[in-house]
Chemist: 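Below you will find the structure I want to go over with you.
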2 protein chains.
Amino acid sequence: MSEEPTVIADGEAAGTGTLGKAMAVLEAVVMADGPQRFTDILARSGQPRGTLHRLLSHLVEEGLLVQRRDLCYEPGLRLLTLAYRSWSGNRFRDVAEPHLRSLHELTGETVHLGILRETEIVYVDKVESRQTVRMSSQIGKASPAYCTGIGKAALSLLPQPELERLVAGMAFHAFTPHTHRSAESLLAEIAEIRRDGHAFDREEHEIEIRCVAAPIRVSGSDLTAGISVTGPAYRVSMEQLIAWSGAVRTAAAAIGEEAAIRLGPGRGGP
Amino acid sequence: MSEEPTVIADGEAAGTGTLGKAMAVLEAVVMADGPQRFTDILARSGQPRGTLHRLLSHLVEEGLLVQRRDLCYEPGLRLLTLAYRSWSGNRFRDVAEPHLRSLHELTGETVHLGILRETEIVYVDKVESRQTVRMSSQIGKASPAYCTGIGKAALSLLPQPELERLVAGMAFHAFTPHTHRSAESLLAEIAEIRRDGHAFDREEHEIEIRCVAAPIRVSGSDLTAGISVTGPAYRVSMEQLIAWSGAVRTAAAAIGEEAAIRLGPGRGGP
DNA sequence: AAATCAAGTTCCACATACCGGAACAAAGAA
DNA sequence: TTCTTTGTTCCGGTATGTGGAACTTGATTT
């Protein structure tokens, strides 16, 4: 029984309000690695037994969780369905898609579309070179902004105070030898990115994986996003990435403009 | 102002409890076709103004919804992230995947994996012949069980009383001229499916689209699922589907057995 | 300009429904 | 059997959500 107690609670305070608590519990189950027993969740969520039990019942009732015969809790199908609707109905993704395709045709490598959410990048679409292994995996995946091309590109669009607020809250985990380890080095690179209009991932998140990315600004909207072309280091040199950077910037700009028109035609004010 | 009032509320009673109400509102926004104004949601949800406003605030706070500058509400990214985790961590899908692949190699057509949820089939995985148009779309999509091959196959596994309860609650929408229009004809076909061990979709959901499907039963679990091979009518004859039916049944059986072993090794109750 | 209307937000007294400690079952382990 | 571990139920107290009504804000009309 020397297993680490997995500490208690997650970093942030358990959500406020009834809904917040329910979502915190849901997330605890969904983000866990496998089916979770009542006691596991109890330890991780920090909720009192009675409360937790009721929350779980409600989540099951709503189809957000499923309780198996052996009493373990698992994510329910309703999440998938909700996500399907919100993905397929996403106008921004729709606008961007043809541009992703043409970037893919130009480069032959994998192209990603990501949106910044706080301090993370959420991948929203992807055009793959040739179905490598996993199929559509990765859509919906959230990665830290500071070690991904799209992430750094998107950060570069933020006003300095906002950027600093976000950076202050980051925990710099060293995924590879090339990952940023401090706010200073990250901020320094972001200054360069602002100047150049594009960002690189030099094997910072995953070893042997590189990318070029450009930020997308949609005027009239406060969404911050980016696209990237990604490839394995053995096949894609830094020179190659630099050669592609212009096309990536152009595509990003085009997406931004088109989205501004088609997303909020009736609103443009600051 | 002769616009139809979009009636009020959805078919089912607004969810019970605070979480239920919140989810009903969330669903109202997600299932809608585009960004929703406050008043739209007000009409559809049937909640009082004050209550609805607070619910929406909480949903936004939780990242489940986003409020744009023009005050419209849209699905937030958190749904995608939650769904990504629950999809990629789904053991059943994982077990099934290699079997989907080999079925695809055998047939050259699109292969689906779906799980029955009440009266709908939710598509959980897919191996596509050759990236037709939409990429991974469709994962998470929910379709009526009575007009899809996997749906009818899955229904055939249910005990008769359960089946009849579900069928009683179905509204038979005629998607095509071949769609079942009554409980009787559906139940009759399900009897055949039980006998044969496989089901066909004879252009019942979408015109020009056919499939063969087989049900998956996982002993020790109460999940009911199925797989199918789908193709366009001009390329895939009924004779062809019949020829594939054996392989589909075999794959389904293999998935069911493997899943029973790998899903709940410590439980085998009645 | 003033008046009118519509859409969205805030307020607050009220009671619902959530809270959570503690008692209660159920199933293994000693 | 007795003890322990795990999951479920109960119930009084009150925090929390409820929802009608008043209040902004901005557009449209007179």
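Lettering follows sequence order; numbering is per chain, from 1.
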Chemist: Would you kindly give the CZ-to-P distance between A/R68 and D/dT6, to the nearest whole Å?
Modeler: 17 Å
Chemist: With axes from five pairs an end, tell me the bend angle of the helix from C/dA1-D/dT30 to C/dA30-D/dT1, nearest 10°.
Modeler: 20°
Chemist: If I take atom CG in residue A/D70 and atom P in nucleotide C/dG28, what distance separates them, rounded to the nearest angstrom?
Modeler: 12 Å
Chemist: Between D/dT18 atom P and B/Q47 atom CD, what is the distance in whole Å?
Modeler: 7 Å
Chemist: Determine whether A/R91 and B/P35 make a side-chain contact, defined as any pair of heavy atoms from C-beta on separated by less than 4.5 Å.
Modeler: yes
Chemist: Looking at A/K21, does any N or O in its side chain come under 4.0 Å of the phosphate oxygens OP1/OP2 on C/dC19?
Modeler: yes
Chemist: Between A/R165 and A/Q160, do the side chains contain an N or O donor and an N or O acceptor separated by less than 3.5 Å?
Modeler: no
Chemist: Among the nucleotides C/dG20, D/dG17, C/dC18, which one has an atom lying closest to any side-chain atom of A/H58?
Modeler: C/dC18
Chemist: Tell me, yes or no, whether the heavy-atom count around B/R217 atom CZ, taken from other residues, nucleotides or ligands under 6.0 Å, exceeds 12.
Modeler: no
Chemist: Once you round it to whole Å, what is the distance between C1' of D/dT25 and CZ of B/R69?
Modeler: 19 Å
Chemist: Check this one for me: any side-chain N or O of B/Q67 less than 4.0 Å away from OP1 or OP2 of C/dT9?
Modeler: yes
Chemist: Within less than 4.0 Å of OP1 or OP2 of D/dT18, is there a side-chain N or O belonging to B/T51?
Modeler: no
Chemist: By nearest nucleotide on DNA chain D, pick out whichever of A/F38 and A/L19 is the more 5' one.
Modeler: A/F38
Chemist: Tell me: CG of B/L42 to P of D/dG19, nearest whole Å?
Modeler: 12 Å
Chemist: Tell me, yes or no, whether the heavy-atom count around A/D222 atom CG, taken from other residues, nucleotides or ligands under 6.0 Å, exceeds 12.
Modeler: yes
Chemist: Check B/D125, B/V124, B/L113 against B/F92 for a side-chain contact (heavy atoms from CB on, under 4.5 Å) and give me the one that passes.
Modeler: B/L113
Chemist: Given B/L19, which partner from the list A/L59, A/L26, A/T18 fulfils the side-chain contact (heavy atoms from CB on, under 4.5 Å) test?
Modeler: A/L59
Chemist: For A/L56 and C/dC19, give me the distance from atom CG to atom P, rounded to whole Å.
Modeler: 12 Å
Chemist: Let's see if you can work this out: which of D/dT8, D/dG17, D/dG20 has an atom nearest to the side-chain heavy atoms of B/P48?
Modeler: D/dG20
Chemist: List the atom pairs, with distances to 0.1 Å, where a side-chain N or O of residues 71-78 of chain B and a protein N or O form a donor-acceptor pair under 3.5 Å, not counting sequence neighbours.
Modeler:
unit_1 : atom_1 : unit_2 : atom_2 : d
B/Y73  : OH     : B/Q67  : NE2    : 3.2
B/R78  : NE     : A/E27  : OE1    : 3.0
B/R78  : NH1    : B/E62  : O      : 2.8
B/R78  : NH1    : B/E62  : OE1    : 2.8
B/R78  : NH2    : A/E27  : OE1    : 2.6

Chemist: Out of curiosity, A/L100 CG to A/I255 CD1, how far, rounded to the nearest 0.5 Å?
Modeler: 5.5 Å
Chemist: Mark yes or no for a side-chain to base donor-acceptor pair under 3.5 Å between A/R49 and C/dG20, with no hydrogen or angle criteria applied.
Modeler: no
Chemist: Can you tell me the distance, in whole Å, between the CZ atom of A/R54 and the P atom of C/dA22?
Modeler: 17 Å
Chemist: When the distance from CG of A/L55 to C1' of D/dT16 is rounded to whole Å, what number comes out?
Modeler: 14 Å
Chemist: Pick base, sugar-phosphate or nothing for A/T18, based on heavy-atom distances below 4.0 Å to the nucleic acid.
Modeler: sugar-phosphate
Chemist: What contact category does B/L52 fall into here, base, sugar-phosphate, or nothing, at under 4.0 angstrom with non-hydrogen atoms?
Modeler: nothing
Chemist: NA contact type, B/R37, heavy-atom cut-off 4.0 Å: base, sugar-phosphate, or nothing?
Modeler: sugar-phosphate
